[in-house]
Amino acid sequence: MAIKSFLVFVVLGFCMGIVQCYPQGAPAGTVLTMFPKHQNANQQRSASPFVIQTNQSSFSPSDQVNISLHASDGREFIGIILVVHRQSGDREEVLGSFTNFPQDKLMTGNFLGGEANYITHKNNDPVSVIRLTWNAPDSEIGNVTFRATFLESFRVFWWNVTTELPSDTFIQQPISNPVTKECKTRYYREAEKHKVIILVEPITIDHVACGVNLGCLLYPIYCSGPDCTAGVTFSTDQDNVTFQMWANAEHYVSIGFSGDMTMGEDETITCVYDGNTVSFQHGYNPSRHNDRQYKMDLLSEMASTYVDGMMTCSFRRPYAMNVSAEDGTVITFDLHDSYHLMVAWGDVFEGTDVMAKHNQLPVTSSQQIQFNSYDIYRGKSLPLLTNIHGVLMLVAWVLFGGATTIVSRYFKHMSSGTKLLGTDVWFQVHRGTAVLTVTITAASSVLIFMKVEGLSKVAVLHSWLGIAVISGVTLQVLGGLLRPGSKSCVRPVFNWLHFILGKSLHIAAALSCFVIFNTDFLPAAQQLFGTVVTTVWVVLQVVWEMVLEICKYSMTTKASYCMKSEDTLETTGGSVPSILLFFYITTMVAVLFPLVMAIFFF
């Protein structure tokens with residue numbers, strides 16, 4: 001029953017992860033990006049067949065501008081999101097309001113204090129043309145840009161379709177909120193191998209100052225500064241906190257301020273390189289996605305450098321900044337308080353500055369950070385329950401699972417003639433290690449049930465291998481309880497099936513380790529280290545079994561190998577000397593330690 005529930009849980013978790021969409025319209029959190037993240041589908045790179053047409057060539061304050069949304073070739077579309085921005089200055093502000101639209105297809109939304117200032121679809125019904133009205137604000141706002149995203153289907157869409165509309169009365173652009181700050185960069189191409197982005201004044205990080213006059217978050221936990229894959233430094237003055245952040249990233253690096261160690265209800269500040277320009281974005285994670293926030297003009301002294309795959313960004317942030325949830329609730333993140341600090345990095349959707357979901361797990365400080373301190377903090381990529389799950393599985397299969405299989409094959413005459421609780425010693429050892437393997441595997445599986453939603457989305461093959469292993473060990477235990485008597489004619493068949501299933505489970509467990517250590521959500525350094533150590537374990541296991549097989553053969557044929565004497569041949573019956581079991585277990589314990597490090601040190 002538990003296995004069946006686990007299967008359902010994993011499948012449901014995976015399905016929930018891939019079918020999130022908004023047939024009822026784009027949420028407010030997408031207003032600043034305008035990008036539908038449908039199964040990570042990218043925008044169409046061809047010229048948009050869809051257009052935005054207005055009934056006038058310019059406008060004045062309080063004008064009602066009639067708009068037509070349609071395709072030049074008459075094709076239909078199922079979704080739309082439309083907003084209006086200034087052409088220059090504060091291009092994040094959403095202007096005006098929408099009226100006179102087909103209410104069976106469209107609905108308006110209120111974005112950060114505005115009323116009906118963006119419009120989107122309310123269903124997936126196809127239409128070929130939509131007509132509506134935009135009401136200009138009462139005051140002069142300068143020239144504007146109509147900006148839309150058209151969805152022809154769930155995965156086929158055109159992003160950033162624009163039409164400009166000049167102001168009749170525009171003389172000089174009034175800017176009440178001065179700028180959406182951008183950090184311009186220059187770039188050079190060397191031998192067409194890689195791109196080196198160099199700021200006019202490159203950022204340098206004083207790693208030596210960590211713990212002296214800089215607070216630092218460093219990752220992995222064993223790094224000292226220049227060798228860190230990712231990190232953050234911070235220092236404070238009376239009104240601001242200055243941050244520097246870096247990561248091995250292609251297109252963005254982001255930090256988040258969180259009340260716990262999991263993604264959700266976090267403020268983010270992100271440095272994004274779109275191929276030409278580095279921009280800074282303010283955001284909010286309500287759960288497992290990022291809503292770009294309005295505005296960034298409280299940030300200052302922003303700069304970025306991108307060299308040989310390492311992206312480094314710096315900025316100053318006032319102690320207190322606000323974000324708005326989708327329901328309009330204003331949430332304040334005040335760095336006088338302590339927060340867990342997160343670092344994430346990843347790619348953008350092609351041709352945009354819109355962040356795609358990070359492939360690798362974000363790094364999270366293991367404790368809440370005091371931003372006015374000069375302490376050194378360490379970051380981890382895997383949650384604690386996931387770490388414990390991994391360690392338990394390794395103990396179960398590297399140590400006890402291996403011992404279970406070899407004891408029954410090579411050490412049946414261990415302590416020959418001596419009984420333990422009425423049964424041969426080898427069988428009690430075999431049964432005891434088998435029970436420990438099953439018990440630890442089951443406990444580990446129960447723990448990961450609590451994290452299965454996250455893992456099922458990014459480690460599906462590992463999840464199914466885990467299900468196969470827990471199902472197999474359960475079957476193996478039931479088979480052991482129901483095994484035929486020693487004189488039964490089917491006992492040899494049972495013994496072979498029992499042996500084959502045991503070996504298969506051991507192989508599946510090793511394969512599961514390889515799969516998880518080669519999953520993109522783990523940082524590259526952890527993938528490499530974990531894969532190397534897992535390979536060492538598998539090679540040592542194979543070598544040991546070859547050695548034991550040779551010893552077993554030599555014992556049977558009375559050859560001169562494996563530390564035996566002539567007077568023991570009659571009593572061993574082909575069993576390998578027990579001292580080799582001690583050496584085998586010592587080897588597996590030795591390889592277990594670096595495997596545990598592969599989980600806990602990243």
Side-chain angles (χ1 to χ4, degrees), residues 392-421 423-441 469 472-477 479-480 483 486 491-492 494-514 533-557 559 561-564 568-569 571-595:
L392 288 177
M393 280 296 193
L394 290 173
V395 170
W397 290 98
V398 174
L399 189 58
F400 296 117
T404 300
T405 58
I406 69 165
V407 164
S408 63
R409 181 163 179 80
Y410 303 111
F411 297 97
K412 285 189 176 179
H413 288 268
M414 182 171 53
S415 301
S416 181
T418 303
K419 300 291 183 178
L420 180 62
L421 300 178
T423 309
D424 291 340
V425 172
W426 78 266
F427 183 74
Q428 293 290 16
V429 173
H430 171 73
R431 181 162 58 185
T433 54
V435 169
L436 283 172
T437 302
V438 174
T439 302
I440 297 173
T441 300
V469 168
V473 295
T474 303
L475 182 62
Q476 192 78 323
V477 169
R483 65 176 180 155
S486 58
R491 179 63 176 268
F494 167 83
N495 287 343
W496 274 107
L497 292 176
H498 194 66
F499 170 76
I500 292 171
L501 180 57
K503 284 295 182 187
S504 299
L505 291 173
H506 206 190
I507 293 170
L511 181 59
S512 181
C513 284
F514 277 113
V533 179
T534 302
T535 302
V536 171
W537 163 43
V538 171
V539 169
L540 286 173
Q541 180 70 32
V542 171
V543 169
W544 261 110
E545 295 207 22
M546 291 175 62
V547 169
L548 293 172
E549 197 65 42
I550 292 171
C551 287
K552 180 180 174 70
Y553 174 78
S554 71
M555 287 294 185
T556 304
T557 60
Y561 308 119
C562 302
M563 302 176 293
K564 67 182 179 64
T568 62
L569 288 174
T571 59
T572 58
S575 182
V576 177
S578 300
I579 187 66
L580 290 184
L581 178 60
F582 170 78
F583 287 132
Y584 167 80
I585 292 175
T586 301
T587 303
M588 292 300 106
V589 170
V591 80
L592 184 61
F593 280 105
L595 278 170

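Here, residue 1 is the first one in the sequence, and each next residue gets the next number.
- In terms of heavy atoms, Ala509 sits closest to Val469 at N-CG2, 4.1 Å.
- Between His506 atom NE2 and Leu511 atom CG the span is 12.5 Å, to the nearest 0.5 Å.
- Residues meeting the side-chain contact (heavy atoms from CB on, under 4.5 Å) test with Ile440, sequence neighbours left out: Leu392, Val395, Ala396, Phe400.
- For the pair Val398 and Tyr584, the tightest heavy-atom approach, listed with the atom from each and the gap, is O-OH, 4.4 Å.
- The closest side-chain donor-acceptor pair between Thr441 and Trp397 falls under 3.5 angstrom.
- The shortest non-hydrogen separation linking Gly401 to Thr437 is N-OG1, 3.3 Å.
- Residues forming a side-chain contact (heavy atoms from CB on, under 4.5 Å) with Ala434 (at least two apart in sequence, or on another chain): Thr404.
- Here the closest heavy-atom approach between residue Met588 and residue Leu540 is recorded as CE-CB, 4.1 Å.
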Could you walk me through whether His430 and Thr405 pass the side chain to side chain contact (heavy atoms under 4.5 Å, CB included) check?
CA-CA 8 Å; His430 171 73; Thr405 58; over 6 Å; no
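- Phe494 meets the ring-ring contact (aromatic ring centres under 6.0 Å, His included) test with His498; sequence neighbours excluded.
- Within the 4.5 Å cutoff, the side chain of Cys551 has heavy atoms near those of the Leu580 side chain.
- Looking at residues two or more places apart in sequence or on another chain, you find no side-chain contact (heavy atoms from CB on, under 4.5 Å) involving Ile507.
- Counting heavy atoms from C-beta outward, Leu548 and Phe411 have side chains that approach closer than 4.5 Å.
- Side-chain contact between Val538 and Cys513 is absent, with no heavy atoms from C-beta onward closer than 4.5 Å.
- Classification of Arg409 and Glu545 as a salt-bridged pair fails, no side-chain N sitting under 4.0 Å from a carboxylate O.
- Counting non-hydrogen atoms of other residues, nucleotides and ligands closer than 6.0 Å to CZ of Phe593 gives a total of 12 or fewer.
- With sequence neighbours left out, Thr439 forms a side-chain contact (heavy atoms from CB on, under 4.5 Å) with Val435.
- To the nearest 0.5 Å, atom CG of residue Leu592 and atom OG1 of residue Thr587 are 12.5 Å apart.
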Verdict with supporting geometry, Ile406 and Gln541, side chain to side chain contact (heavy atoms under 4.5 Å, CB included)
CA-CA 10 Å; Ile406 69 165; Gln541 180 70 32; 4.2 Å; yes
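- Taking all atoms of both residues into account, the shortest heavy-atom contact from Leu505 to Gly472 is CD1-C, 3.5 Å.
- Considering only residues two or more places apart in sequence or on other chains, Ser408 meets the side chain to side chain donor-acceptor pair (under 3.5 Å) condition with none of them.
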